[in-house]
Amino acid sequence: MIVAKQVQEEQLDTSLYTNKSAMLMVDWQNTGSAAKLDIEVNHLIHDVLLHPDFQLDQLRTFNAAQENHKADRAEAKSPLLNAFQHADI
């Protein structure tokens, strides 16, 4: 699997991009979901990856499903959900 990824990266023409990092971001954007708009990728880079509090080492064991589950559990316990009133329209 690692060898296949290396071959895939080597096949990409890095001269088409500003630098290797730009190539990797565009490659990521264009794989998987088609919902990754340019504006969202720019937001990821400028507002997340380049944020002064962002630390790459903290993501070594990151798992999106686990983090979303934690957030969902916390949201379910939030008193804010009980503050809404339901009404028929």
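Each residue takes its place number in the sequence, starting with 1.
When the salt bridge (Lys or Arg N to Asp or Glu O under 4.0 Å) test is applied to D57, the partners found at least two apart in sequence or on another chain are R60. Residues passing the salt bridge (Lys or Arg N to Asp or Glu O under 4.0 Å) test with R73, sequence neighbours excluded: none.
Residue I39 places its CD1 atom among 12 or fewer non-hydrogen atoms of other residues, nucleotides or ligands, all under 6.0 Å distant.
How far CG of L44 is from NZ of K36: 10.0 Å, rounded to the nearest 0.5 Å. Atoms CZ and CG, on F54 and L59 in that order, are 4.5 Å from each other to the nearest 0.5 Å. For the atom pair NE2 (H51) and CD1 (I45), the distance works out to 15.5 Å, reported to the nearest 0.5 Å. Rounding to the nearest 0.5 Å gives a distance of 12.5 Å between NZ of K70 and CG of D72.
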- Which is it for H46 and N42 under the side-chain hydrogen bond (donor to acceptor under 3.5 Å, both in side chains) test, yes or no, and what are the steps along the way? CA-CA 6 Å; H46 297 286; N42 288 339; 4.7 Å; no
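M25 and M23 fall into different hydrophobic clusters, where Ile, Leu, Val, Met, Phe, Trp and Tyr side chains are chained together by heavy-atom contacts under 4.5 Å. W28 and F62 fall within the same hydrophobic cluster, defined by Ile, Leu, Val, Met, Phe, Trp and Tyr side-chain heavy atoms under 4.5 Å apart, directly or through other members. Residues V41 and L56 share a hydrophobic cluster, clusters being chains of Ile/Leu/Val/Met/Phe/Trp/Tyr side chains in contact below 4.5 Å.
A donor-acceptor pair under 3.5 Å is formed between the side chain of E40 and the backbone N or O of L37.
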